[in-house]
Amino acid sequence: MTMVANLSDKMLVPQPAVVVGRTQESPSIFTLKLRLEDGAAQAAFRHSLGQFNMLYLPGVGEVPISIMSDPEDQQAIGHTIRAVGRVTNRLAELQIGDRIGLRGPFGRGWPIENMKGRDVVVITGGLGCAPVVAVIHYILRRRADYGHLTIIQGVKKAEDLIWRDQYAQWNTHPDTHVMVAADEGGPLWPWHIGRVTDLFGRIPMQPDKAMAVMCGPEGMMVVSAKMLAEHGMPEENMFLSMERNMHCAVGHCGHCQFGGAFVCKDGPVFSWPQVKGLIAHRGF
Amino acid sequence: MTEQRKSLTLKVPVLTRVEGEGALDLRIVDGNIEELRLRIFEPPRFFEKFLEGRHYSEVPDIVARICGICPVAYQMTAVQALEKLFGVEVSPWVHDMRRVFYCGEWIQSHALHIHLLAAPDFFGCNSAIELARIHPDVVRRGLRLQELGNEIMALFGARSVHPVGLRVGGFHHAPALSQVKILRQKLMDAIPEAEALVRWTSSIPLPADSQPFVSVALKHDSTYAIETGFIAASDGFLVDSQEYDAHFAEYQQPYSTALFSAYHQQPYLVGPLARLNLSQNQLPENIRKLIAETGLVFPNGNVFISMAARAVEILFALQEAARLLGNYAVPDSRHVSVRPRAGIAFGATEAPRGLLWHRYEVDEAGLIKNARIVPPTSQNQARIEEDLRLSLLNFGLNQPDDALRLHCEKVIRNYDPCISCATHFLRVNVERSSS
Amino acid sequence: MSANKSAKPKVAVHKFSSCDGCQLALLDMGPALLDLAEQVDFVHFAEAGPFDDQARVDLAFVEGSIATSEDLARIRLIRENSKMLIAIGACATSGGIQALRNYANGMQWAAQIYPQPEHIDSLPQSTPLSAHVKVDFELWGCPVNSTQIVGFINNFLLGVLPRDNADKVCTECKRRRLPCVLVSRGIPCMGPVTRAGCGALCPGLGRDCYGCYGPAENPNTDSLTAQFRRLGLSPDDIARRFKNVNNFSPAFREAAAKAGGTHD
Amino acid sequence: MNLPLGTLRFLGFHKLHELFGELQFRGYRCMGPAIEYDAIVFRELASAKELPRGVQAEQSPGQFRLTRDPRNRYFAWANGPQAIKPFAFAPRESLWQVQRDQEGALKFEPLAPQPAKTAIIGVRACDLAGLALQDAHFLKPPYPDPNYEIRRKSLFLVAVQCAEPAATCFCASTGDGPTPQSGFDLTLAEMENGFVISAGSEAGTEVLAALKLEEATPKQVQEAKEQGEAAAQKQSRSLPGRDLRPVLMNNLEHARWDNVAARCLSCGNCTAVCPTCFCHAEMDEPSTGTGESLHVRQWDSCFNEGHACIHGHNVRPDTRTRYRQWLTHKLASWHDQYGRSGCVGCGRCITWCPAGIDLTEEIAALGVNA
Ligand SMILES: Cc1cc2nc3c(=O)[nH]c(=O)nc-3n(C[C@H](O)[C@H](O)[C@H](O)COP(=O)(O)OP(=O)(O)OC[C@H]3O[C@@H](n4cnc5c(N)ncnc54)[C@H](O)[C@@H]3O)c2cc1C
Ligand code: SF4
Ligand code: SF4
Ligand code: SF4
C-alpha cells in the first residue's frame with residue numbers, strides 16, 4: 001500500500017473530448033477525429049502505435065477502440081470504428097461538435113521501432129482491421145525507413161472487401177504489394193481466389209529478418225503464423241493484436257484475461273510466442 | 001332543454017382507469033333502459049384449478065398472482081384459512097405485523113384509486129397526469145401516500161406487488177428495528193397529510209344520489225375489521241366465514257367472464273363504504289371527530305362518497321400501522337412450525353375493495369384438493385349494475401351522450417372494480433343435470 | 001447528439017391476460033411518475049386514463065399473455081402500430097402463471113367451472129407475446145419492477161436498448177452479501193437457474209427463490225434438480241418448483257417434465 | 001507508547017469488552033461475527049457481549065450447519081461465507097458520474113467512497129492471505145484503484161488463529177494458515193479462558209499498549225503454538241502447494257471438464273465467496289431527464305454470460321469453458337500474474353457451492369497428485 005492514487009487520474013475517469021472530424025468509410029465503418037477539450041491534456045496526449053482508448057458515450061457505455069492516428073499528429077486523436085452493437089451504433093451517429101468521454105491511451109502497441117529497415121508483412125482478415133491499418137499508414141508515411149511492405153487481406157466473399165480503392169492505392173506505393181484473397185470471387189475480382197495462405201509463397205521478404213503484424217479472426221492468425229514459420233520467419237518476429245471483453249482497461253476488471261495475460265495492459269499486441277500456447281484453445 | 005330522446009346505444013368498449021379491462025353496454029329505448037351491462041371480458045385465469053395438487057406452503061405465492069393491486073389480501077386470507085384448519089396459533093407479534101402489512105396495502109390501493117383512478121372524474125380530467133397540472137400538490141401528496149403504503153408492504157414482503165414475506169405460520173423474516181423506526185417516523189409525518197386528504201375528498205361536491213342497498217363487510221367487536229371478524233350485513237345479519245356459502249350465491253351472465261354474486265337473492269355492496277357503514281364507530285376518536293367536522297355521515301347511501309371513505313381508511317390505516325409499530329421489537333421467532341391436517345379451510349378478510357372469501361379442501365399431506373375464491377369485485381358486480389340503473393335515472397336519461405358515458409364511468413369507478421381479481425376464474429355452485 | 005429532442009416519444013401501455021401487477025411498476029412509482037411523464041407522452045395507458053388503443057407509438061409496453069382469439073388480433077395490431085414492442089412480465093414473456101392451463105385441457109376446465117362455457121372465449125393455450133409477434137425486448141419478472149421499466153425508458157431516450165442481464169439471481173444474492181440459504185438452511189432455492197433482476201428479494205428474507213424472474217442464461221436445471229433430490233424433495237415437489245410463475249418457459253417446462261412425478 | 005511488534009500479551013475473556021471499547025474509542029466501528037439465516041456473517045457489533053459464543057459450524061460440500069461448541073469458545077467456527085473482501089472491494093459502488101448540460105458539454109466527477117473506520121474482529125489467516133492478493137491486484141502500479149485503496153485504508157484487522165478448522169479447510173496445504181502470520185493489526189489465539197494477543201502493525205501495537213495487559217506466560221505461548229499445529233494436522237483436504245501450471249495447462253481437453261460442467265450451476269457463488277476473485281463489471285445508470293449518469297461497478301464472475309463476450313461471439317459460451325477458466329486462472333495463471341496460486345485454502349467455494357463441487361476433488365480427478 002504505497003501508491004496513493006490521484007483520484008482525478010485521467011486514466012480512470014474519462015475526459016470530455018469533442019468530435020472535430022468525421023468520415024464515413026463504408027456503410028458501417030466511420031472514422032472520428034477527436035480532440036480533448038482540455039487543451040493542455042490534448043497537447044500532452046501521447047500514444048504509441050497499436051494502443052487503444054476507451055471511448056465513452058454518456059449514460060450508454062464505454063468501448064475499447066484502437067488509435068488510428070499517427071503518433072506524431074498532436075492535433076487530434078483518430079479512431080476508425082465499425083458500428084456493430086449497442087455502443088458503436090450510437091457512436092456512428094455522432095456529428096462534428098458532439099462531445100463524448102475519452103480515457104487512454106492503454107496497452108502495449110506494435111514494436112514499430114524494431115521494424116525499421118526490415119521487410120514488413122501485414123496480415124488481416126475479415127472486415128478491415130483498424131490496428132494494422134494504422135501500421136500501414138505509418139510505414140507509408142515513412143516509406144524509406146522500412147523494407148518491403150506486403151499487405152495481405154483475406155475475405156470470405158469478394159463483396160466483403162471494403163476500401164477497394166484504398167487497397168489499389170496502397171499497391172501503387174514503392175516496394176509495396178497488396179495481395180487479397182477471397183474464398184469466393186466475383187466478376188471483376190482482380191485478386192486471388194482461394195485462401196490467404198496460398199499467397200504466402202509469393203511474399204517478397206527476407207524471411208529471417210522480416211516482421212509480421214497480424215489482426216483479425218484468431219483462427220486466421222494461427223494459420224498465418226504457422227505458415228510464416230514454415231516460410232522461415234522466426235516466431236519472435238510475428239506480432240498480433242488481440243481483442244477481449246474490456247471494462248476497466250487497466251488490468252483490474254479481469255474480463256480480458258487470456259491465460260495469465262491481461263490483454264488490456266500486457267497487450268493488445270503480443271508476440272506470437274507469448275500467445276501461441278493458448279490461442280488455439282476454444283475458451284481462452 | 002333537450003327533448004326526450006327516443007333511443008340510444010352507448011358502448012364504452014374499454015373502461016379506463018379501472019384495474020383490468022371491462023366494457024359497458026347501455027341501450028336506451030323509448031326513454032327506458034333496455035339493456036345495461038358491465039361486461040367483463042378478460043379471459044379467465046383458472047386459479048382455483050392451478051391450486052389443486054399444490055402444497056399448502058405454495059399457496060401464498062400463487063394466490064398473490066390473482067391481483068397485482070391487492071396481493072396481500074389474497075395471501076392473508078389464504079394463510080389465515082390454512083392456519084385455522086391446521087390449528088396453528090401465530091404469535092401476537094405475527095398477528096400485529098400482519099395487520100400492519102395489510103394496512104400498507106389499504107393505503108397503497110386506496111391512494112392509487114383516489115388519485116389515479118377516481119378523482120380526475122370530479123375535475124373534468126382524463127388522468128392523474130392532467131389533474132396534476134391543476135392540483136400538483138394534491139396529486140403529489142396522494143402519490144407519496146401511495147408510496148408509503150408500498151413501503152410498508154416492502155418492509156415485510158420485500159416488494160409491494162406479489163410480496164414474498166408471508167408464510168403459513170407467520171413471516172419469513174422480521175425487519176430490523178432500525179428500519180422500522182425510520183418507516184414509523186414517516187408514517188407519523190404522513191398523518192397530517194392523510195387528514196388533509198380526508199378534508200379534500202370530503203370537500204369535493206358530489207351528485208346527490210342516495211340509494212337503498214345492503215352493505216356487507218367483516219365486523220369485529222373491538223377493532224375496525226381488516227384481517228379478521230364475522231361476516232356482517234347492514235340488515236343485522238352476522239355469520240362466521242364458514243357459513244358464507246349458505247347465504248351468498250354466485251351466478252354467471254353470458255356477457256361477463258366474472259361471476260356475479262347475490263346475498264339472499266339480492267345485490268349488495270362490499271368495500272370501504274360498506275365497511276364504514278357497518279363499523280364507523282370502531283374508528284378511533286380523532287378520526288370520528290374529523291369525520292364529523294368534515295360533514296361526512298355514515299351510514300351513507302350515496303356510493304359517490306366512496307372516495308372520501310377511502311381517504312378515511314387511509315388515515316385509519318396509517319394511524320393503525322404507526323400504533324402497532326410503536327413498540328416494535330425483533331421477535332425470537334418469526335413463525336411457528338406447521339403440521340398440515342386434512343379438512344376444509346375457510347377464511348375471509350377485508351381486501352381494499354371489500355370482502356374476500358376463500359375455501360380450501362386440504363388432504364393430510366397438506367396438498368390442496370380444491371379451492372374456491374370469491375373476490376370483492378364479483379360481489380359488487382350486480383350492485384354496480386343496479387346502481388348504474390338507479391343513478392342514470394336520477395341523472396336523467398336525456399343528458400348528452402358524453403355526459404351519460406362519463407356519469408356511468410364515474411359510477412363504476414366508485415367501486416374500484418378490479419377485473420383481474422374478478423376473472424381470476426370463477427366458479428358457481430350449479431346443479432348440472434345430465435340426461 | 002443527433003437525437004431528436006423536439007418531440008417526446010409516444011408510449012403505450014397495453015394489457016392482456018394478467019394480474020395488472022406489471023403496470024404497477026409505473027403506477028407505483030410515486031411522484032416520480034409525474035417526472036417520467038415529463039419525458040415521454042403516455043398516449044395509451046387505460047388504467048391511468050389515456051385511451052387511444054389504435055395510436056402509433058414509439059414504445060409499446062405490453063403486459064399479459066395471449067389467451068383469446070381477440071387477443072391475437074389485438075397484439076398484431078399493436079405490433080403494427082409500434083416502433084418498438086416490449087414484453088413486460090412473466091405473462092408476456094413466458095405465458096405467465098395462467099399457462100398452467102396449457103398442461104390441462106383448458107376448455108375442459110372452463111366446462112367444469114362455468115355453467116355456460118360457450119360464452120368463454122379462450123384459446124387452448126396461454127402463450128407469450130413472442131409466440132405471435134416480433135418482440136424487441138423482454139423485461140422478465142413477476143412482476144417487473146420500476147427500475148427495469150424506467151431503466152428501459154432512460155436507455156431509449158439515449159438512443160439505445162439497455163444491456164440485457166440474464167445472469168443468475170445468485171449474482172445479486174452475493175452482491176448483497178447474503179448467505180446462501182440453500183447451503184445454510186437446505187431449502188430448495190431456484191436462484192441458480194433464475195434470471196437476475198429482482199435484487200435477490202427472497203434470499204434477502206431468508207427464504208428460497210421460487211423463480212419468478214424466469215430462467216437465467218445457461219441454466220443447469222438438471223444439476224439443481226439433483227441437488228433438490230438430495231435435499232429430500234420428491235419428484236412431484238421438484239416438478240412443482242419449475243411449474244410455477246414461468247412454467248411455460250422452455251427451460252422450466254423441460255425441467256418439470258424431466259423431474260417426473262404426477263403433478264399436472 | 002508502542003510495544004515492539006510481536007510482543008505477546010494475554011487478554012482474559014473478561015477483558016474482551018475492553019478491546020471493543022478501545023477500538024470504538026479510536027473511532028472504529030466493530031464488525032464481528034453474527035448469525036444470519038443460519039450462517040455466520042460479519043455485522044456491526046455494539047460490544048463483545050454480542051459475539052455469538054459457543055457457536056461452531058459443520059461444513060461439507062454444499063452444506064453449512066451451525067452446531068454447539070462444547071468448549072463454549074468465541075471463535076470455534078472456522079469461517080463463514082464472507083471474508084474481508086467486501087469491505088475493501090465493494091460488491092457494488094459508483095466510480096464516477098457525468099453530467100451533460102443543455103449545450104451538450106460534459107462534466108466528469110470521480111466519486112470517492114467515504115467508508116467509516118472499521119475494525120473487523122475474527123479475521124482468519126486465509127482471509128489475510130486473500131487480502132494480500134487483492135492488494136497485489138488492485139494496488140499495483142501504475143494505476144492503483146483509488147476506491148479500493150480508500151476502503152482498504154479504513155480497516156483495522158483483528159485476526160484469530162483457527163483452532164477448529166472445518167472439514168472443507170485446507171489452508172495448511174496452501175501455506176496460508178491456520179495461524180495468521182502477517183497482514184493483521186492484532187492477532188488472537190483463543191485459549192481456555194482468554195486470548196494470547198499480539199500486534200502486527202503500528203496501529204495494532206498502539207491498541208495493545210493501551211489495553212495494558214499482562215504478558216502471556218511461556219506456557220500459554222507454547223499452547224497457542226501447539227494449538228495451531230494441531231489445527232493444521234486436523235485438516236483433511238489438501239491442494240498441492242506447488243505451481244500447477246504445467247499439469248493444468250496440459251490437461252485442457254481432459255474429460256473431467258465435461259464431467260464437472262454437468263454438475264456446475266454456473267451461478268458464480270464460488271467466485272463471490274472466494275477471498276481472492278477480483279472480476280467486476282462496469283456499467284452506466286442514466287437518470288430520467290436530468291442529463292446525469294452514474295458509472296457503477298459491481299462484482300462479476302467468469303461464470304457469467306457477459307464475462308467473455310466480444311461482439312457477436314462469446315469466448316466462453318458454456319459451463320465447461322467457464323469452469324475451466326475459473327480453475328486454471330485460480331491455480332495456474334495466477335502464478336503468471338502474482339507469483340503464486342490464487343487459492344488460499346479457505347474452502348469457501350466448496351461449502352458455498354449449491355451443487356457441492358469440491359475443487360480439491362476436481363484437481364485430483366484431473367490427475368494431479370498432492
Ligand atoms: C483492444 C481493442 C481494440 C479495438 N479496436 C477497435 C477499433 O479500432 N475499431 C472498432 O471498430 N472496434 C474495435 N474494437 C472492438 C470494439 O471494442 C467492439 O466492437 C465494441 O466493444 C462493441 O461494442 P458494442 O456495444 O457496440 O457492441 P455489442 O455487441 O452491443 O457489445 C456487447 C458486449 O460485448 C462487449 N464487446 C463486444 N465486442 C467487444 C470487443 N471486441 N472487445 C471488448 N468488448 C467487446 C461489450 O462490452 C458488451 O459487453 C477493439 C476492441 C479491443 C479489445
Ligand atoms: S407477470 Fe406476474 S405481475 Fe406481471 S401481470 Fe403477469 S401475473 Fe401480474
Ligand atoms: S440463496 Fe439462492 S440465490 Fe442466493 S446464492 Fe444461494 S442458491 Fe443462489
Ligand atoms: S428471488 Fe426469485 S422468486 Fe424471489 S423475487 Fe427474485 S426472482 Fe422472484
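Protein chains get the first letters and strands the later ones, always in sequence-line order, with residue 1 at the start of each. These values consider heavy atoms only, across backbone and side chains, with no hydrogens, waters or symmetry-generated copies.
Contact of B:Arg334 with chain C is made through the side chain alone, with heavy-atom distances under 4.5 Å. Only the side chain of B:Gln108 comes within contact range of chain C, with at least one heavy atom under 4.5 Å from a heavy atom of that chain. Only the side chain of B:Leu367 comes within less than 4.5 Å of a heavy atom in chain C; its backbone stays farther off.
In this structure, CD on C:Glu38 lies 9.5 Å from CD1 on B:Ile129, to the nearest 0.5 angstrom. For the atom pair B:Glu58 CD and C:Arg240 CZ, the distance stands at 4.5 Å (nearest 0.5 Å). Rounding to the nearest 0.5 angstrom, the gap separating the OH atom in B:Tyr74 from the SG atom in C:Cys19 is 10.5 Å.
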Before giving the answer on side chain to side chain contact (heavy atoms under 4.5 Å, CB included), spell out for B:Arg65 and C:Cys142 the whole-Å C-alpha distance, their side-chain angles and the decisive distance to 0.1 Å. CA-CA 8 Å; B:Arg65 266 73 191 179; C:Cys142 179; 2.9 Å; yes

Would you check, one step at a time, whether the test side chain to side chain contact (heavy atoms under 4.5 Å, CB included) holds for B:Met153 with C:Asp28? CA-CA 12 Å; B:Met153 285 190 274; C:Asp28 266 350; over 6 Å; no

Might you work through the side chain to side chain contact (heavy atoms under 4.5 Å, CB included) test for C:Leu24 and B:Asn150, ending with a clear yes or no? CA-CA 11 Å; C:Leu24 286 183; B:Asn150 284 326; over 6 Å; no

Please step through side chain to side chain contact (heavy atoms under 4.5 Å, CB included) for the pair C:Lys243 and B:Arg54, ending with a clear verdict. CA-CA 10 Å; C:Lys243 269 188 159 173; B:Arg54 291 279 172 175; 4.0 Å; yes

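Listed in order of number, the residues of residues 197-207 of chain C that approach chain B to under 4.5 Å between heavy atoms are C:Leu201, C:Cys202, C:Gly204, C:Leu205, C:Arg207.
With hydrogens and angles disregarded, no donor-acceptor distance shorter than 3.5 Å links the side chain of B:Arg159 to the backbone of C:Asn145.
Here the side chains of C:Leu27 and B:Ile69 are not in contact, with every heavy-atom distance at 4.5 Å or above. Side-chain contact check for C:Leu34 versus B:Arg140: some heavy-atom pair is nearer than 4.5 Å. Contact of the C:Ile97 side chain with the B:Arg45 side chain is registered, since non-hydrogen atoms from C-beta on lie closer than 4.5 Å.
B:Ser127 and C:Gly49 get closest at one heavy-atom pair: CB-CA, 4.3 Å. What you find for B:His162 and C:Tyr210 is that their closest heavy atoms are O-OH, 4.2 Å.
In this view, B:Phe101 and B:Phe171 satisfy the ring pair (Phe, Tyr, Trp, His ring centres under 6.0 Å) rule, not counting sequence neighbours.
Among C:Gly30, C:Pro31, C:Ala25, the residue with the largest count of heavy-atom pairs under 4.5 Å with chain B is C:Pro31.
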